[in-house]
There are 2 protein chains.
Amino acid sequence: MARQTQQRAAILKALVAADRPLSPGEILAHAQRLSPRLGIATVYRNVRRLVLDGELVEVQLPGAPPRYEVARKGHHHHFHCRICDRVFEVEGCPGPLTGLAPDGFFVEAHEIVLYGLCRECAA
Amino acid sequence: MARQTQQRAAILKALVAADRPLSPGEILAHAQRLSPRLGIATVYRNVRRLVLDGELVEVQLPGAPPRYEVARKGHHHHFHCRICDRVFEVEGCPGPLTGLAPDGFFVEAHEIVLYGLCRECAA
DNA sequence: GCAACATCAAGAATGAATTCTCATTAACGA
DNA sequence: TCGTTAATGAGAATTCATTCTTGATGTTGC
């Protein structure tokens, strides 16, 4: 059976504390504050399992490696800062957008990504 | 100076004829109809130069390799068919979406991707 | 507490996309 | 047409994210 290890706890805590999607490298950096000897392979192993277990969801953004965020957050979108490369969550949504597709196309989902400067980089 | 080769012409014609963003592999397959001995390295070489020359633009979509489309098409978005994996252009746009970002964030651009079934795969 | 064994850390290995190498081909100015 | 040389084709090499391997470690059931 699965064991509750310090490393997995550190990985989950890092994602909960960040409250934004993190890449494997970011997860490593954040979680190492709690578990200093943590290695990147352990991040990948645990992230894979946490996604399978439904605790994390993968967030794919254009031209960027996969990021991961805690599951059950409801429908939302993302903001990608072009300076610091961090990704943030964005609350609203302009609607289902089914009207944009050409006739005969069937829209099942949509993704919106905003680009620009985050609060810190805009200051 | 740059030469006008059959291969480069075939690559551009393939992209113009397709009227949708193509991946390097798709460009190879389409352009080989016009230039059968075309190789993948030549596709990458020419695509890189055509992007630098401003004739093509790179289209990045979530979780997908880069695709390329002819430049100067105006603001538009994309539809990614989950069955055939082809990407199509979509005309409209719901607006600048600057209101979605949190306070203090500065929105410079946005990308919208629709997912579902294209006309052929929905039939 | 202790033994069994799931998990770990570190580095090697993998895989896929992209780029490089180099002998050959072909574009184009004279 | 011809010579120069940019561009090509094919396969090797590279890159980088991710996964595997190994011996060591730490968690859990008893």
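This structure is a prediction, so every number in the text was calculated from the model and none was measured. Here is the naming used below: chain letters follow the sequence lines, and residue numbers restart at 1 for every chain.
- The side chain of B:T5 lies closest to D:dT8, out of C:dT18, D:dT8, C:dC5.
- The closest side-chain heavy-atom distance from B:L97 to B:V107 is not below 4.5 Å.
- Distance B:Q4 CD to D:dA6 C1': 13 Å, rounded to the nearest Å.
- Contact annotation: A:R37 side-chain N/O to C:dA10 OP1/OP2 distance is under 4.0 Å.
- Here D:dT5 is the nucleotide among D:dT5, C:dT7, C:dA10 with the atom lying nearest to any side-chain atom of B:R3.
- Going from atom OH of A:Y44 over to atom P of C:dA13 covers 19 Å, rounded to whole Å.
- Between A:N46 atom CG and D:dT27 atom P the separation is 13 Å, expressed in whole Å.
- Between the P atom of D:dG9 and the CG atom of B:L38 lies a distance of 5 Å, rounded to the nearest Å.
- Contact between A:P24 and A:I40 at its shortest, heavy atoms only, is O-CD1, 3.9 Å.
- As rounded to whole Å, 11 Å separates atom P of D:dT8 from atom CZ of B:R48.
- A donor-acceptor contact closer than 3.5 angstrom is absent between the side chains of A:E111 and B:H80.
- Between atom CZ of residue B:F106 and atom SG of residue A:C118 there is a gap of 13.0 Å, rounded to the nearest 0.5 Å.
- Between the side chain of A:R45 and the base of D:dT19, no donor-acceptor pair of N or O atoms lies under 3.5 Å.
- Aromatic ring pairs are classed by plane angle as parallel below 30°, tilted from 30° to 60° and perpendicular above 60°; the pair B:H75 and B:H110 is perpendicular.
- Residue B:R8 contributes atom CZ, which lies 12 Å from atom P of C:dA27 at whole-angstrom precision.
- Closest to the side chain of A:P66, from the set D:dG26, D:dT18, C:dA10, is D:dT18.
- Comparing B:Q7 and A:V43 against DNA chain C, the residue whose closest nucleotide sits nearer the 5' end is A:V43.
- Taking for each of B:Q6 and A:Q6 the nucleotide of DNA chain C with the nearest heavy atom, the 5'-most of the two is the partner of A:Q6.
- Atom CD1 of B:I40 is separated from atom P of C:dT19 by 11 Å (rounded to the nearest Å).
- Regarding A:D53, its CG atom lies at a distance of 16 Å from the P atom of C:dA6, rounded to whole Å.
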